[in-house]
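Numbering of ligands and ligand atoms starts at 1, following listing order.
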Amino acid sequence: MKKVFVKSYGCQMNVYDAERMADVLAPQGYVETADAEDADLVILNTCHIREKAAEKVFSELGRVRKLKDERAADGRETTVVVAGCVAQAEGGEIVRRAPVVDLVVGPQSYHRLPELLAKARETRGVVDTEFPVEDKFDHLPRPSRDKIRSRGVSAFLTVQEGCDKFCTFCVVPYTRGAEVSRPAAKILSEAEELAAAGVRELTVIGQNVNAYHGEGPDGRDWSLGRLLRRLAEVPGVARIRYTTSHPRDMDEELVAAHRDLGALMPYLHLPVQSGSDRILAAMNRRHSGDDYRRIIERVRAARPDIALSSDFIVGFPGESDADFAETMRLVREMRFASAFSFKYSARPGTPAAEMDGQVPEEVKAARLAELQQQLEVDRQAFNRAMVGRTVEVLFERAGRHAGQMVGKSPYLQAVHVEADDIAIGDLAPVEIVEAAPNSLHGRKKGHEGAAAPNAGRASAA
Ligand code: SAH
Ligand code: SF4
Ligand code: F3S
C-alpha cells in the first residue's frame, strides 16, 4: 500500500482538485495520509494569486527535500509533485529552481496523473501544463460512498472553471484558462452521488461561478440560477451555497433563486475589490461602486436576511487617498458580515504590474490595517447581532468537550452546542446565546433528523 500526502493552498477549487487527485490515485493503490513523513508521494497543490502565496511553495519544497533525503537514508523513495496554479504559471522553471521536484502538473491535467507518475519514474522533472482537449472530469473516477462520507457532510462541487474577465491584477485567467462550464446533467449526477453518501450541504464552486452557462439536459444553455433550482431538488441536499461570483454576472435568475430557494443559504460572497470608480475601471472590473450598491439592493430585496461577504485589494497602482476613502465609504455602507482583504501584489505578466503609480508598501500596509479594522468591527457586530436569534445549524463534527457538537450557521459561522442527541449531518434549530470572537455558542431547540427533507426557507429566518 502506497501513501499520498496532498497539501492545498489557495482557493476552494484547489481543495476540490486535491480530492479529485486522491480519487485518481486510489485505483493505483494510494491511500491518503495526513502525515508528509509517511508519504511515498507528496503533492503540493499550489496557488499563484499573490507573490507570498507563490513563494510559499519554494520554502515548503525546502522542507520536502529534507524529508525526501531522510526517507532515502531509510531506503524509502519519495516522489514529489507540484500541482495547481504555480505549476501552471511556472512549469519547468520549478524543476530548475527546485530539483527535488519529480513532476509538475497543471490544473487541467490531473486525470493524467497515473501516466505522468509512471513517466516521472523513468525521467525526473516531467512537466505537463497543457490545456488538453479532453474534459478531465470525464476521466476522473468517482470516489466510493465511504470516501465521500469520510470527507464530511459539506462538499464542494465544481461547475465551472477558468475566467474570461481579465481583471488587470489577476493571474487566474492565465493559470486556469478560459471559462468552461460543465454540462448540468454531469453536475446533477455528481450531486446525487454526494447526497446519497450523506452530504447535506453543497458548495457549488467556480472561479467565476455565476458566469456558469452549461448545457442543460434539455439541450439549452442553463444559467447558475437554473442549475441551483435543480440542485435544490436533489433528495438529501439541505443546503446550497455558491462561490465565487462576479458582480457583472448577478442576473435576474440568480437573484430570483435567492428569493425562491429555501436551501440556498442567505449568504453571498461578492467581491468588489475597491469602492473607487477610477480604480475599478483600471482594474477592468467593468462595474462602478454604484452598480455594486444596486446589485446588493436587488439581492437584499429578494432575500432580506442575506449576509454579505467580499474581497478587497488595497494599494492597486494609482490608488490615491481619495480612492481609498471611497472603498472605506462603501464598506461602512454595506456592513459586510465577513471579508477578505489584501495588499495589491504585482503579478508578472498581468497588465497592472506594468502600470505607473505603484503604491509604496507602507501605504498599502496602513490602508490594509484601516480597512481590516473596520471589517472586523462589522464582523463582530454581525456576530453579536446573532445572540437571541434562532438559526438552523448543520452539524459537522464533534467538539473538543464531551457532548459538544460543532456546526455551521446559514452564515458560515461555527456554532458550538452541548447536546448528546445530535449526530453529524443533523440540522437543528439553535438559539444563539453567546458570540465569541470566532464562534457562536447556542442551545438546541427542536430537532430534525438526518433523513429530513430539504430545509424550509423559514428555517434561516
Ligand atoms: N475568482 C474570484 C477571485 C479569485 S482570487 C473573483 O473573481 O472574485 C481571490 C481574491 O484575491 C480576489 O478577489 C482579489 O481580491 C484577490 N487578488 C487577486 N489577485 C490579486 C493580486 N494580484 N494582489 C492582491 N490580491 C489579489
Ligand atoms: Fe481574477 Fe477577475 Fe477572473 Fe476573478 S473575475 S478570477 S479576480 S480575473
Ligand atoms: Fe490561487 Fe489558483 Fe485558486 S491562483 S486562488 S489556487 S485559482
Side-chain angles (χ1 to χ4, degrees), residues 6-18 21 44-57 82-90 106-108 110 129 156 158-180 205-212 242-250 268-275 279-280 282-287 292 309-317 319 327 336 338-355 358-359 361 364-365 367-368 371-372 375:
V6 191
K7 182 162 183 177
S8 283
Y9 305 81
C11 64
Q12 289 101 332
M13 189 73 76
N14 268 7
V15 177
Y16 179 86
D17 288 347
M21 284 192 264
L44 301 183
N45 193 21
T46 61
C47 174
H48 200 243
I49 201 83
R50 284 166 292 274
E51 191 181 354
K52 247 197 210 150
E55 281 306 309
K56 221 186 267 173
V57 181
V82 174
C85 290
V86 178
Q88 189 61 44
E90 302 200 2
Q108 303 310 330
Y110 298 149
T129 52
F156 292 128
T158 294
V159 302
Q160 177 280 344
E161 232 184 307
C163 181
D164 296 339
K165 295 274 192 299
F166 290 93
C167 300
T168 53
F169 52 80
C170 185
V171 295
V172 171
Y174 312 97
T175 62
R176 293 279 171 165
E179 242 175 68
V180 179
I205 58 174
Q207 263 91 30
N208 239 303
V209 73
N210 56 347
Y212 177 84
Y242 63 92
T243 200
T244 298
S245 29
H246 191 287
R248 283 183 59 85
D249 296 313
M250 286 305 297
L268 173 63
H269 180 67
L270 193 64
V272 64
Q273 315 298 357
S274 168
I279 295 300
L280 286 168
M283 286 175 163
N284 191 33
R285 293 291 290 181
R286 298 167 65 212
H287 64 80
Y292 187 84
S309 151
S310 199
D311 290 348
F312 296 90
I313 295 176
V314 298
F316 184 84
E319 187 188 69
T327 299
F336 292 100
S338 135
F340 299 99
S341 48
F342 313 98
K343 286 189 273 190
Y344 168 71
S345 169
R347 307 306 290 127
T350 60
E354 310 296 320
M355 286 180 187
Q358 299 288 328
V359 174
E361 198 51 34
K364 288 185 198 171
R367 286 180 188 162
L368 186 68
L371 173 62
Q372 289 189 334
L375 291 169

Quiz item: Judged by non-hydrogen atoms, does Lys343 sit under 4.0 Å from ligand 1?
Solution: yes
Practice problem: State if Arg50 counts as touching ligand 1 under the rule of any non-hydrogen atom under 4.0 Å. | Solution: yes
Exercise. Between Pro271 and ligand 2, find which residue part has any heavy-atom pair under 4.0 Å and reply side chain, backbone, both or neither.
Key: neither
Exercise. Mark the output for Arg285 as yes if a heavy-atom distance to ligand 2 is under 4.0 Å, and as no if none is.
Key: yes
Quiz prompt | Ser245 N/O under 3.5 Å from ligand 1 N/O | solution = no
Quiz item: Just distances here: any N/O of Phe169 and N/O of ligand 1 closer than 3.5 Å?
Solution: yes
Quiz prompt | Nearest protein heavy atom under 4.0 Å from atom 16 (C) of ligand 1, yes or no | solution = yes
Exercise. Could you tell me whether Glu55 atom CD has more than 12 heavy atoms of other residues or ligands within 6.0 Å of it?
Key: yes
Exercise. Report, in ascending order of atom number, the atoms of ligand 1 lying under 4.0 Å from any heavy atom of Pro271.
Key: 8 (O)
Practice problem: With 2.8 Å as the limit, jot down which protein N, O or S atoms are around atom 3 (Fe) of ligand 3. | Solution: Cys11 SG
Quiz item: Considering only heavy atoms of Phe169, which atoms of ligand 2 have at least one such atom less than 4.0 Å away?
Solution: 7 (S)
Practice problem: Go through the steps to decide whether Ser341 and Gln372 satisfy the test side chain to side chain donor-acceptor pair (under 3.5 Å), and finish with yes or no. | Solution: CA-CA 7 Å; Ser341 48; Gln372 289 189 334; 3.0 Å; yes
